[in-house]
Structures are given as C-alpha cells and as structure tokens.
*Asks:* 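Before anything else, here's the structure in question.
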There are 2 protein chains.
Amino acid sequence: MPHTHPLNQEVTLSVIKTACSNCNLRELCLPFGLSLEELEKLDDLVSTRRRIKRGDHLYRAGEAFDAIYAIRSGFFKTDVLLEDGRDQVTGFQMAGELLGLDGISTEHHTCNAIALEDSEICAIPFSRLEGLSREIHTLQHHFHKVMSREIVRDHGVMMLLGTMRAEERLAAFLLNLSQRFTARGFSHAEFYLRMTREEIGSYLGLKLETVSRAFSRFQEEGHIAVQQKHIRILNVNGLKALMNHRA
Amino acid sequence: MPHTHPLNQEVTLSVIKTACSNCNLRELCLPFGLSLEELEKLDDLVSTRRRIKRGDHLYRAGEAFDAIYAIRSGFFKTDVLLEDGRDQVTGFQMAGELLGLDGISTEHHTCNAIALEDSEICAIPFSRLEGLSREIHTLQHHFHKVMSREIVRDHGVMMLLGTMRAEERLAAFLLNLSQRFTARGFSHAEFYLRMTREEIGSYLGLKLETVSRAFSRFQEEGHIAVQQKHIRILNVNGLKALMNHRA
DNA sequence: ATTTTCGGTTGACATGGATCAAGCGAACGC
DNA sequence: GCGTTCGCTTGATCCATGTCAACCGAAAAT
C-alpha cells in the first residue's frame, strides 16, 4: 500500500522521479548527515514528488495519515479549524521543511496544509521512514531532532502569543522569515511575503488591520520598506530592539 | 480527595530501583503496547528514579540534554525565560507524561522544568532509548506518537492564545485538566490546582487578576465552585458552552 | 502566638488592539 | 480593456483586558 491518495486529476497531481541524493536542499532536509550509501536507501523511499498549485490542499484535517511531506519548492501554511468557525494559522513552511508531523499522533491529520504558491513536495511514506530509521541511526536521530525542533518552534510561538504586543510579534515574525530565507540562500533583507495580512494576523493572534498598521509604523520609523507583499528590511537592529522592548 | 503526597523526604535526590513492568502508569506512559519481554528490556533502560521536591528544578534551560523524563508521581510546570525578563509557562505535566522532548533538537534543554509538588521521575537516557527503539518497533512508533501528540497539544495552545478570550481560555484549561485527571483515575469533577493564578495566567497569556476574576465569574454563574486551589466542576456542559461561545 | 509574606480577590481606571467603516490600487476574470 | 473582486490602508470608536491599588485570609517564619 505505497501511496493511495484520493485526488483524481492528473493535472494538479503529477508524479516525477526524484532523488534526495542530488537535491540541493538535502542539508536542510531529512537527508542531513547521511552517507552516500544511506542517501541511496532514502532515495528508494522518497520516490514521489507532487506538484501542488497555489491554493490547493496538500492534505486536510481529518484525512488518514500515511506520509509526511518535504517541501522541495514553494511555500505552505498550515491551519486548524475549530467547530465554531474560528480558525488559526499554525505555521508557514518553506523549502526543506517537513509537513504532516502532527498526523503521527492520531494517524489522522489534525490541520490543513495549503500551498501559498505553486509548490513541489516529496512524499515520505511514514511506516517506511520508521523502517529505514531503524536501520540508519543517523536518520533516526535526525528525524527526532526535527520533531523536537518543531516543539521548540511551537514554544516560541506560544511565547510570542502569550507575552508579546502587536509590534513585537510582527518584528519577531519578520526576523524569523528573514533568517529562514537566508538559510536558503536568499536575501536576508528583501523578500516577498507569500501570505496575506489576514494570514499573518491569524498566525500572530492579531487582526489584519493591526498587522497593516504595524507595517506602516515600521515604515514610518525607517525599519523597513513595505509595498504590498514586497518587504525590504532597512534596519535589522531596529527590529530586534522592538522585540525586546518591554520588561 | 484521592490525592495525598509524601511530604517528608530527608534527601532531595535519592535513587531507587524501579521497573516499568509493574508501574501502574505503563499504559499512559512510554511502555504502552509493549509485550512482557519488551517491557523487561525497557526496565533495563529506565533504571533510575529520582525524587524532586516542590519548587526544585528537574532541569534548567541551557543544560546539556541526555535524558528524557517520565513523571511517576507529582506535577510539573515548564517555562521559558526571555532575555528581557519576560517568561511564560509552556505547559503543566502530570503523572505518566514525558518531560524534556524539547532538548533533543539542540542537545540542550530549552526550558526549565520545575516541580509544583513533591514528585518522582524516571530518567530515560535518550541515546539508549533510540537504541532500544531501533530494536522494538512498537516502542519506536509509540515514541513518535508521543512527540507528535506534543506538537498537536502545542497547536491547541496556540489556538487558545491566538483566538480565544479570557473566559474561553480558562474554561478550556479546566476541562483539559479535568480530562487528564480522569484518565489517571481521579475525579473529573473535583481537584486541587497545583499552580498559582499567576502560573495559570502565564500559561494562558493572561494576568493573574483576569484569571481570578474569571474564576469568580464561573462561580457566580454556577459552573464551578472555587476555594483557593480547590476546584469543583458543577456544570461541565456550561464550561463547554463557554468555550465555543463566539463565531 | 505574633508577625510577615504570599497568593488571591476585588475595584477603579487606562489602553492596546478589535471593530466598524470608507476608500483605493492591483490583480483577475471575462 | 473593463469591471469586479480582493487585499491593503487608514480613520474613528469601543471594549476586553491590563494596570494600579487596596485589602484579606492562609501559610510560613520568628
């Protein structure tokens, strides 16, 4: 039962042979630290790449879980929907990051993963990953680190939501994006936001108007230049100072 | 009340031989689903139990990580301290739950774990756990589920902090505690809070005054009876209704 | 037993961010 | 190319929660 997915259109869903061993994200992604020989075993496992168009779901809350996904290119958000209609964005994910870890617990996905731009993902059948990580110690350990890192990241968001004010949250958000873009070889000072003000607000526990106002304020004060989704960071230290503003 | 705790240890840190195989928490804890034979192997690994007195740290942020901890009895909080002095409680943990998963990522603990009452923990050397879980498929899978569950839990807290108002947060908190006490065989309707209003507030992103007022309000409306740390839930459905109050 | 400290409650007031509302430019469908 | 929609900005006002302060009882210290 390698990979049965309910979607039927071959337009949005094309399957391509891919290989971790020549993926330039391998040092950011699951293959980190593996030997060539080990990489080849991982290649067997990560055999399907899929394209997800902007706006499409990679998976939905409630669906059966059988694979985790590595983002090969593109940009995603995950969100959780409450019965009463409220929802919250729980994260934004970019190339090299893993999606779907939340599904291991109940064997069902607990959130929706939606592409914010046309993207490509590698599907990693989870039980085969467990099998391989029983064989390859390095892979096992790295996978544990990735899961743990997700927990630490979540604690950071809790911190942000629990103790920071609007401008601090947004400053932290921008600095975090900047740092992740840098790690992927992009400019640390200039990038396009893939998400709307409303999605940023949802993630940060703020309303879109508040996000917009904070952007404007940052611009007035010369910390950044904003034009719609185009962001230039003019004063990193200014933003950092904003973050640690209060005692 | 079913809950009594041993108050008079003369040593804060004593080491006792223990065994998962006759621990009554085994179905809530790491041993879940293991055969007798497998349990014995786990026993070899989980060889040290430690007492932690109320107020003492199990570990501190920054310390080297080499083990995770299962709570055998007692109650803990974890908190994160920011450079500027702000801190936030990131969780409350009770018997059968694991502490320290955040440390795997960087090999250093990223938060403080503090006992809220005299407690006993089992130390589980992490590299040996990885070793054993390469051998025992069931253990490996269960451990992955536990980590994933932690991620899901954190998403729930993010939801709470990002979208809920004060009374909704507190209602969710009480229902969550009640449910976890129930799972451990205690009353679902009556329990003692181990933490202060300030700690609850920190966890829920509220000030202690707001927590106190919400408790009073719940009492006025007949949902609960509060007297200091003693809580009785009089109307579970009332609390549930409070949680889904807004669209 | 007395004093001190700590945690909790309650009231009065302040404020950051939500809400409501209007308008505008960019992107998109036709 | 034109109209519609969507995302964004900005202003005015409101309100939930924070802040400040007083007080109280329980527990701890002396």
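Model, not experiment: these values are computed from the prediction. Chain letters run A, B, ... following the sequence lines, proteins first, then strands; residues in each count from 1.
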*Asks:* Sequence neighbours left out, what passes side-chain hydrogen bond (donor to acceptor under 3.5 Å, both in side chains) with B:Asp79? Give chain and number order.
*Replies:*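 Residues passing side-chain hydrogen bond (donor to acceptor under 3.5 Å, both in side chains) with B:Asp79: B:Asn112.
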*Asks:* Indicate, with a heavy-atom threshold strictly under 4.0 Å, whether B:Leu206 touches base, sugar-phosphate, or nothing.
*Replies:*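 Answer is sugar-phosphate: B:Leu206 comes under 4.0 Å of backbone atoms only.
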*Asks:* Once you round it to whole Å, what is the distance between P of D:dG25 and CZ of B:Arg197?
*Replies:*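 Going from CZ in B:Arg197 over to P in D:dG25 covers 16 Å.
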*Asks:* CG of B:Leu242 versus P of D:dA16: gap in Å, rounded?
*Replies:*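 For the pair B:Leu242 CG and D:dA16 P, the rounded distance is 14 Å.
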*Asks:* For B:Ser212, report the nucleic acid contact type (base, sugar-phosphate, nothing); a contact means any heavy atom under 4.0 Å.
*Replies:*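 Contact class for B:Ser212: base.
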*Asks:* What is the distance, to the nearest angstrom, from the CD atom on A:Gln227 to the P atom on D:dC8?
*Replies:*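 A:Gln227 atom CD is separated from D:dC8 atom P by 13 Å.
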*Asks:* Mark yes or no for a side-chain to base donor-acceptor pair under 3.5 Å between A:Arg213 and D:dG11, with no hydrogen or angle criteria applied.
*Replies:*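 Under the 3.5 Å cut-off, the side chain and the base do form a donor-acceptor pair.
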*Asks:* For the pair A:Ser105 (side chain) and B:Ser148 (backbone), establish whether a donor and an acceptor sit closer than 3.5 Å, ignoring hydrogens and angles.
*Replies:*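 A pair under 3.5 Å: no.
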*Asks:* Sort out for me which residue in A:Lys229, A:Arg194, A:Arg54, A:Lys77 forms a salt bridge (Lys or Arg N to Asp or Glu O under 4.0 Å) with A:Glu117.
*Replies:*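 Testing each of A:Lys229, A:Arg194, A:Arg54, A:Lys77 against A:Glu117, the sole residue satisfying salt bridge (Lys or Arg N to Asp or Glu O under 4.0 Å) is A:Arg194.
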*Asks:* Measure CD/A:Glu199 against C1'/D:dG7 and give the value in whole Å, please.
*Replies:*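 For the pair A:Glu199 CD and D:dG7 C1', the rounded distance is 11 Å.
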*Asks:* From the options D:dG7, C:dA18, C:dT9, select the nucleotide whose nearest atom is closest to the side chain of A:Thr196.
*Replies:*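 Selected nucleotide: D:dG7.
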*Asks:* Reading DNA chain D from 5' onward, which residue's closest nucleotide shows up sooner: B:Met164 or A:Thr210?
*Replies:*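 The residue whose closest nucleotide sits nearer the 5' end is A:Thr210.
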*Asks:* In whole Å, I'd like the distance from the NZ atom of B:Lys229 to the P atom of D:dG25.
*Replies:*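 Computing the B:Lys229:NZ to D:dG25:P distance gives 18 Å.
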*Asks:* Please give, in whole Å, the distance from D:dG18 C1' to B:Arg169 CZ?
*Replies:*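 Atom-to-atom, B:Arg169 to D:dG18, this comes out as 12 Å.
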*Asks:* Expressed in angstrom and rounded to an integer, what is the separation of A:His230 atom NE2 from D:dC8 atom P?
*Replies:*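 From A:His230 NE2 to D:dC8 P: 15 Å.
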*Asks:* Short question: side chain of A:Glu199, backbone of A:Thr196 - any donor-acceptor pair under 3.5 Å?
*Replies:*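 Yes.
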*Asks:* Side chain of A:Arg165 only, please: which of C:dG8, D:dT9, C:dG16 is the nearest?
*Replies:*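 So the nucleotide nearest the side chain must be C:dG16.
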*Asks:* Looking at every strand, decide which applies to B:Gly201 at a 4.0 Å heavy-atom threshold: base, sugar-phosphate, or nothing.
*Replies:*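 No contact at all - B:Gly201 keeps every heavy atom at 4.0 Å or more from the nucleic acid.
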*Asks:* What's A:Arg194 touching, base or sugar-phosphate or nothing? Going by heavy atoms closer than 4.0 Å.
*Replies:*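 Touches nothing.
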*Asks:* Ignoring hydrogens and angles, are the base of C:dC6 and the side chain of B:Glu198 linked by a donor-acceptor pair under 3.5 Å?
*Replies:*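 When only heavy-atom distances are counted, B:Glu198 does not reach the base of C:dC6 through any donor-acceptor pair under 3.5 Å.
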*Asks:* Return the value, rounded to whole Å, for the distance between atom CD of B:Glu209 and atom C1' of D:dA22.
*Replies:*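 Answer to the nearest Å: 12 Å.
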*Asks:* Which listed nucleotide (C:dA18, D:dC8, D:dT10) is nearest to the side chain of A:Gln228?
*Replies:*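 Nearest to the side-chain atoms of A:Gln228, counting from C-beta on, is D:dC8.
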*Asks:* I'd like to know whether the aromatic ring centres of B:Phe92 and B:Phe76 sit less than 6.0 Å apart in this structure.
*Replies:*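 No, too far apart.
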